[in-house]
Amino acid sequence: MPKNLFDNRDCKVHLSRISAEPPAGMTRAKAEKRFGTLGDEMFELQDALWGAKVHSVLVVLQGRDSAGKDGTIKHVAGCLNPRGVSVVSFGVPTTEEREHDFLWRVHRHAPRRGEFAIFNRSHYEDVLVVRVHDLAPKKTWKERYGHIRDFEELLAEHGTIVLKYFLHITKDEQEKRLLEREKDTSTAWKLNPNDWKERDYWDEYTAAYEDAISKTAAPHAPWLIVPANAKWYRNLLVAESIVAALRDHRRNWEKTLDDMGRAGRAGLDAYRAELKARKNGGRRRG
Ligand code: AMP
Ligand code: MG
């Protein structure tokens, strides 16, 4: 098992032990070339997913401010056919959302069979920001780990391939990105003093993420900790893991599509035979 893949509740995550940098030997040129190939494969796999309607895919993106959730969506969703993808961002809950259980707003956006859903933040905020800022009693957010596990198990039983990503950046990298935003007029619209305020809670978020990841990692809903200081490596790793997860089902989908093709062809043959019989019957009568 790669050391940044967590698919088991028994492994305790220590973010400080996981590098946020690309591995030695990996270059931007290599990564971008590989990303292009993977993008084509992802597109093809998505077509089979769409046609077979056996599974759906849920990609959960979590990370601190400026970790690259939006950039990942732009690049990875950019490989897909928009017909079958929805991207949903979860911000501060509305009054209506707050008046429901915390999974209500999320569950309604779970992907239907054949489709992808990409979550920009998610139900995990309810054990992250909520924990760090005491937005709910400890007893409440602690119970949510179990609710999340059950929820993701339900999705998986229904055929959803659940893939969860923590985009891992260092505190220095975050500072650099936030300062760059100020300088660059094209990204200045993203400026938000709250990002600097949240930075003061770096360690509290680290603890909250480590628990969230450890307590909800499962074979049917693994977490991947993505070294995300380099955007090109982050994109590569996310694409690589999505393609690897879909590839496991390729044969199954292709078989379903073949069966559907055979059934369609048999239906068409029967229809043509019936037409012919009707025509011949008409001729005989006439
Ligand atoms: P952004 O991703 O920059 O659009 O910011 C969305 C904001 O919504 C972040 O500051 C999140 O912490 C916040 N947020 C998302 N979900 C929740 C939640 N369940 N409770 C409180 N705040 C949330
Ligand atoms: Mg933000």
Side-chain angles (χ1 to χ4, degrees), residues 15 58-77 85-110 117-152 155 162 164-169 171 173-182 184 186-213 215-216 223 226 228 231 234-235 238:
L15 288 176
L58 173 61
V59 172
V60 171
L61 293 175
Q62 285 290 159
R64 305 171 195 265
D65 296 304
S66 87
K69 298 183 289 295
D70 288 311
T72 306
I73 292 169
K74 181 160 88 180
H75 286 89
V76 174
V85 195
S86 58
V87 175
V88 192
S89 298
F90 294 96
V92 177
T94 62
T95 306
E96 189 187 21
E97 287 168 349
R98 259 200 316 273
E99 289 174 355
H100 285 89
D101 68 86
F102 80 106
L103 291 172
W104 178 79
R105 66 172 182 163
V106 178
H107 201 169
R108 55 212 287 257
H109 293 289
I118 303 181
F119 285 180
N120 178 356
R121 303 187 189 270
S122 64
H123 42 299
Y124 283 95
E125 292 295 324
D126 289 279
V127 290
L128 294 165
V129 63
V130 168
R131 162 174 167 171
V132 170
H133 292 293
D134 291 322
L135 303 180
K138 185 169 183 180
K139 181 176 178 299
T140 303
W141 60 253
K142 278 199 136 178
E143 278 165 3
R144 288 181 178 162
Y145 299 116
H147 293 313
I148 291 175
R149 284 195 296 268
D150 291 345
F151 170 57
E152 292 176 352
L155 296 182
V162 182
K164 306 180 289 190
Y165 297 91
F166 172 65
L167 306 183
H168 181 39
I169 55 167
K171 203 172 179 186
E173 178 65 21
Q174 186 190 52
E175 182 175 22
K176 198 176 108 207
R177 290 185 185 185
L178 294 177
L179 290 173
E180 267 165 18
R181 270 184 198 173
E182 282 182 51
D184 184 346
S186 72
T187 53
W189 63 271
K190 293 186 184 175
L191 290 176
N192 183 348
N194 202 44
D195 293 346
W196 289 97
K197 284 186 209 156
E198 288 298 88
R199 214 175 126 71
D200 291 338
Y201 294 89
W202 187 273
D203 294 339
E204 288 82 349
Y205 272 107
T206 300
Y209 266 112
E210 288 179 344
D211 273 348
I213 295 168
K215 290 178 189 295
T216 65
W223 275 101
V226 183
K231 297 171 183 174
R234 169 201 78 200
N235 295 338
V238 174

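We count ligands from 1, going down the list as the structure has it; atoms in each ligand are counted the same way. The figures that follow rest on heavy atoms only: side chains count, while hydrogens, waters and symmetry mates do not.
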**Item:** Exercise: do Thr72 and Tyr165 side chains pair donor with acceptor under 3.5 Å
**Value:** no
**Asked** Between Glu173 and His168, is any side-chain donor less than 3.5 angstrom from a side-chain acceptor?
**Response** no
Indicate yes or no: does an N/O atom of [X] lie under 3.5 Å from an N/O atom of ligand 1?
X	result
Val129	no
Gly91	yes
Tyr205	no

**Message:** Can you tell me if Arg105 contacts ligand 1 (heavy atom of the residue under 4.0 Å from the ligand)?
**Reply:**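 So Arg105 counts as touching ligand 1.
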**Request:** Determine the minimum heavy-atom distance between Ser122 and Gln62, stating which atoms define it.
**Result:**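 Taking every non-hydrogen atom into account, OG-OE1, 2.6 Å.
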**Message:** I'd like to check which ligand 1 atoms, numbered from 1 as shown, lie under 4.0 Å from a non-hydrogen atom of Asp126.
**Reply:** 19 (N)
**Asked** Looking at Leu167, Leu128, Thr206, which hits side chain to side chain contact (heavy atoms under 4.5 Å, CB included) with Arg64?
**Response** Thr206
**Item:** Pick from Lys190, Arg121, Glu97: the one approaching atom 3 (O) of ligand 1 most closely through a non-hydrogen atom
**Value:**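 Minimum heavy-atom distance to atom 3 (O) of ligand 1 goes to Arg121.
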**Request:** With heavy atoms under 4.0 Å as the rule, classify the contact between Pro93 and ligand 1 as side chain, backbone, both or neither.
**Result:**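 Just the side chain.
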**Request:** Taking only Lys NZ, Arg NE, NH1 and NH2, and the carboxylate oxygens of Asp or Glu, determine whether Asp70 and Lys190 approach each other closer than 4.0 Å.
**Result:** no
**Message:** Whether Glu180 and Arg177 form a salt bridge (side-chain N of Lys/Arg under 4.0 Å from carboxylate O of Asp/Glu) is what I want to check.
**Reply:** no
